Amino acid sequence: MRYSRFFAPTLRDDPADAEVISHKLLLRAGFIRRVTSGVYDFLPLGLRVLRKIEGIVREEMARAGAQELLLPMVQPSELWKKSGRWEKYGSELLRFKDRHAHESCLGPTHEEVICDLVSRELRSYKQLPMNLYQIQSKFRDEVRPRFGLMRGREFVMKDAYSFHADEASLQEEYDNMFTTYQRIFTRLGLKFRAVEADTGSIGGNQSHEFHVLAESGEDLIAYCSHCDYAANVEKGISTRDIPSFADASLNEVETPGMTAVEDVAKHLQINADQLVKTLIYQVTGGDFDGRMIAACIHGDDVLQEIKLARALGANEVELATDDALEAINSIKGFVGPQGLNCKILMDESLRNAVGMVAGSNKSDMHVTGLSISRDVEHAEFIDLREVRLDDGCAHCSEGHIKHARGIEVGQVFALGQQYTKPLEVLFQDHNGKRATATMGCYGIGVSRLVAAVIEQCNDDNGMIWPLSLAPFQVVIITMGKSETAMNASEKLYQNISEQGIEVLWDDRKERPGVKFKDAELMGLPIHVVIGDRGLDADAIEIRQRAGSKQEVPLNAVIENIRNILVGAN
RNA sequence: CGGGACGUAGCGCAGCCUGGUAGCGCACUACACUGGGGGUGUAGUGGUCGGAGGUUCAAAUCCUCUCGUCCCGACCA
């Protein structure tokens with residue numbers, strides 16, 4: 001490609017509305033342009049990288065035995081009603097009516113459509129297992145799109161769906177996909193970590209997320225300093241020191257105006273961990289839809305709302321309003337577990353607690369000497385607390401919990417029969433009986449990966465693409481505009497192209513500095529610098545974006561490039 | 001949805017408070033010089049000041065509404 005004809009509008013300044021480095025560089029280097037919030041054009045450079053990533057994903061999916069197909073973006077509401085997600089998915093699902101007033105939506109994910117397809121074609125267990133995938137644009141009407149390609153509303157995703165005759169087969173494929181994902185992210189040159197994850201609105205029994213480690217990541221990962229345990233904090237577990245206090249009789253104490261844990265603790269001269277923090281939530285969805293529930297944790301713990309919602313089978317939980325507290329017999333700031341007119345969930349760590357302090361459900365009063373088993377009726381104990389930094393590891397007992405930020409670029413789910421049942425994906429098993437298929441699904445955020453790679457591979461001058469992902473492997477920078485230099489450059493450009501190497505020839509009539517800056521901004525890996533000076537000395541400069549630099553005779557340039565390309569593979 | 005900021009040329013911004021000829025840098029066009037790290041000069045092109053309404057002799061500027069964008073939070077395969 002000749003730069004003078006190439007559509008790659010670069011910017012000298014950072015665009016005002018870009019915050020993270022990948023977003024800034026993608027805009028500055030002319031890879032993408034914004035159309036509307038969370039929706040982007042992929043310009044030629046951006047598309048080239050996207051296609052490279054897709055290519056690697058395709059190769060590894062093929063190696064894993066999956067088959068590519070392409071499903072529609074527009075989906076009929078009927079399928080979503082059948083799975084129950086028409087109601088459940090919420091406003092992230094972009095819904096609309098066609099000219100016949102038929103309700104449809106843009107696919108945010110494709111469990112319904114693939115189940116519909118497979119249910120109509122699957123007959124025998126002999127056809128199983130089967131893994132089908134696509135690489136396609138998804139649309140999710142995110143509440144808050146941000147950071148360019150990191151969280152768009154329209155984005156490119158690789159989504160795979162596997163179908164199985166039994167759980168063992170699903171587990172096998174889950175492991176297969178897990179390994180495949182590790183291969184893919186390794187090939188992409190990423191520092192990443194697989195972590196245990198909540199199953200979210202997709203549902204299912206088991207799930208892992210793959211996170212690219214980066215400060216700009218939106219997710220918080222908890223991992224063990226000693227063993228290989230790692231989990232999203234939404235799901236992570238840890239051990240904490242459970243303080244033991246002397247059992248005592250129940251007493252009421254005056255705590256005027258002290259509604260915060262710290263105030264009460266200070267007043268009573270105790271640590272926050274002796275308090276029981278009681279939070280009242282309004283539940284949406286599931287068996288407790290529309291009701292309020294109480295959740296209790298130690299005063300120095302943070303409640304993990306995703307865990308709470310999951311335990312209740314709810315779509316979401318939201319802190320109850322002050323007024324609502326009266327309905328369950330309590331009062332703002334002095335909520336406690338006793339005598340509440342609602343279901344009470346307590347963190348495991350409180351199961352045998354005695355001598356605790358809690359709200360009394362009366363204004364300006366707390367209780368001391370609270371014994372959970374003696375004084376609280378009908379409490380259920382589950383894991384509700386969020387893992388804290390430096391907590392003990394629940395898996396190895398030697399390590400401690402550390403935190404890292406991550407960009408979620410992939411997730412694998414063992415779904416079980418959550419979709420195959422309502423959508424009736426049935427087959428005849430080896431006994432000739434009708435059975436419901438078991439399912440897994442596996443996603444990779446392909447366009448998000450473009451941003452994730454940049455987050456990890458950049459410097460002050462711009463992007464630094466690995467050879468396998470670069471939009472062009474080589475850029476020829478012609479210095480000056482002498483005929484000799486232009487002719488030599490053109491010849492080299494043609495020769496390199498003929499080798500099947502992707503090369504951009506910067507034939508613009510620009511000053512050298514401009515060309516260097518642009519080549520570096522775009523992060524092209526190999527820069528060949530040709531000017532009269534080098535030609536006269538027969539010493540052509542070959543630079544690598546990542547660092548090194550050498551001079552070689554003109555007729556050895558191609559061989560040198562080949563060596564670099566091979567060496568990197 | 002709550003909180004905050006912003007919208008003036010392709011990009012980055014000033015002007016607004018205190019109403020009176022729409023500006024600067026970069027980019028772009030032409031010419032000249034220059035030619036190994038975003039060079040210099042001369043002359044140019046390009047703007048319904050996001051939109052609508054109002055106040056006023058007069059609105060980018062003041063008022064009301066509205067649309068859009070970004071950030072924080074809530075939310076999120």
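Convention: sequence-line order gives letters A, B, ...; per-chain numbering from 1. Being a predicted model, the structure only gives us computed values, none of them experimental.
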Original post:
Are more than 12 heavy atoms from other residues, nucleotides or ligands located less than 6.0 Å from atom NZ of A:Lys332?
Top reply: no
**OP:** Identify, with sequence neighbours excluded, every residue that meets side-chain contact (heavy atoms from CB on, under 4.5 Å) alongside A:Glu262.
**Re:** A:Ala260
**OP:** Check the distance between B:rC26's P and A:Arg28's CZ and give it to me in whole angstrom.
**Re:** 16 Å
Original post:
Which part of the nucleic acid, if any, lies within contact of A:Lys138, taking any heavy atom under 4.0 Å across all strands shown: a base, the sugar-phosphate backbone alone, or nothing?
Top reply: base
**OP:** Summarise protein proximity over nucleotides 1-11 of chain B in one line of letters, 5' to 3': B for base, S for sugar-phosphate only, - for none, counting protein heavy atoms closer than 4.0 Å.
**Re:** B---------B
Original post:
To the side chain of A:Val514, which of B:rC28, B:rC76, B:rG38 is closest?
Top reply: B:rG38
Close N or O pairs between protein and nucleotides 67-69 of chain B (under 3.5 Å):
from   : atom 1 : to      : atom 2 : distance (Å)
B:rU69 : OP1    : A:Thr36 : OG1    : 2.8
B:rU69 : OP1    : A:Ser37 : N      : 2.9

Original post:
If we take the P atom in both B:rU61 and B:rG15, what is their distance in whole Å?
Top reply: 15 Å
Original post:
Partner of B:rG36 by Watson-Crick or G-U wobble geometry, both contacts under 3.5 Å, or none?
Top reply: none
Original post:
Just checking, is any N or O donor in the side chain of A:His164 or A:Thr438 under 3.5 Å from an acceptor N or O on the other one?
Top reply: no
Original post:
Taking the six-membered ring of A:Trp80, is NZ or CZ of A:Arg95 closer than 6.0 Å to its centre and within 45° of its axis?
Top reply: no
Original post:
Counting any heavy atom closer than 4.0 Å, what does A:Phe210 reach on the DNA or RNA strands: base, sugar-phosphate only, or nothing?
Top reply: nothing
Original post:
Once the angle between the rings of A:Phe6 and A:Phe472 is folded into 0 to 90°, is it parallel (under 30°), tilted (30 to 60°) or perpendicular (over 60°)?
Top reply: perpendicular
**OP:** Just say parallel, tilted or perpendicular for the rings of A:Phe178 and A:His208, cut-offs at 30° and 60°.
**Re:** perpendicular
Original post:
Which residue pairs pass the side-chain hydrogen bond (donor to acceptor under 3.5 Å, both in side chains) test with at least one member in residues 277-293 of chain A, sequence neighbours excluded?
Top reply: A:Tyr281-A:Glu305
Subject >> Nucleotide B:rC76, atom P - distance to CD of A:Glu234 in whole Å >> reply: 8 Å
Could you list the donor-acceptor pairs under 3.5 angstrom formed by side chains in residues 33-45 of chain A, with sequence neighbours left out?
from    : atom 1 : to      : atom 2 : distance (Å)
A:Arg33 : NH1    : A:Leu27 : O      : 2.7
A:Arg33 : NH2    : A:Pro9  : O      : 2.8
A:Tyr40 : OH     : A:His23 : NE2    : 3.3

**OP:** With RNA chain B as reference, determine whether A:Lys517 or A:Glu305 sits nearer its 5' end, using the nearest nucleotide of each.
**Re:** A:Lys517
Original post:
Under a 3.5 Å cut-off for both distances, is B:rC76 Watson-Crick or wobble paired, and to whom?
Top reply: none
**OP:** Classify the side chain of A:Arg508 versus the base of B:rG35 as yes if they form a donor-acceptor pair under 3.5 Å and no if they do not.
**Re:** no
**OP:** Can you check whether any acceptor in the base of B:rC70 is under 3.5 Å from a donor in the side chain of A:Arg146, or vice versa?
**Re:** no
**OP:** May I ask you to verify whether the side chain of A:Glu541 and the base of B:rG36 hold a donor-acceptor pair under 3.5 Å?
**Re:** yes
Original post:
Counting only Watson-Crick or G-U wobble pairs whose two distances fall under 3.5 Å, which nucleotide matches B:rG44?
Top reply: B:rC28
**OP:** Please report, rounded to the nearest Å, how far the P atom of B:rG35 is from the CE atom of A:Met479.
**Re:** 12 Å
**OP:** For A:Arg533, enumerate each residue passing the salt bridge (charged side-chain N to carboxylate O under 4.0 Å, His left out) test, keeping only those at least two apart in sequence or located in another chain.
**Re:** none
Original post:
Taking atom C1' of B:rG73 as reference, at what distance in whole Å does atom CD of A:Glu316 sit?
Top reply: 15 Å
Original post:
Rounded to whole angstroms, how far apart are CG on A:Asp141 and C1' on B:rC75?
Top reply: 12 Å
**OP:** Indicate yes or no: does A:Arg405 engage A:Glu215 in a salt bridge with an N to O separation below 4.0 Å.
**Re:** no
**OP:** Determine which nucleotide pairs with B:rU69, using a 3.5 Å limit on both distances of a Watson-Crick or G-U wobble pair.
**Re:** B:rA5
Original post:
Can you tell me how far P of B:rC75 sits from CZ of A:Arg151, to the nearest Å?
Top reply: 12 Å
Original post:
Roughly how many Å is it from CG in A:Asp507 to P in B:rG35, rounded to a whole number?
Top reply: 21 Å
**OP:** Would you indicate what A:Gly410 reaches in the nucleic acid, counting non-hydrogen atoms under 4.0 angstrom: base, sugar-phosphate, or nothing?
**Re:** nothing
Original post:
What nucleic acid atoms does A:Pro108 come within less than 4.0 Å of, heavy atoms only: base, sugar-phosphate, or nothing?
Top reply: base
Subject >> Closest nucleotide among B:rC71, B:rG39, B:rC28 to the A:Arg511 side chain >> reply: B:rG39
**OP:** Take the angle between the ring planes of A:Tyr493 and A:Trp505 and call it parallel below 30°, perpendicular above 60°, tilted in between.
**Re:** tilted
Subject >> Any strand: nucleotide that pairs with B:rC17 via Watson-Crick or wobble, under 3.5 Å >> reply: none
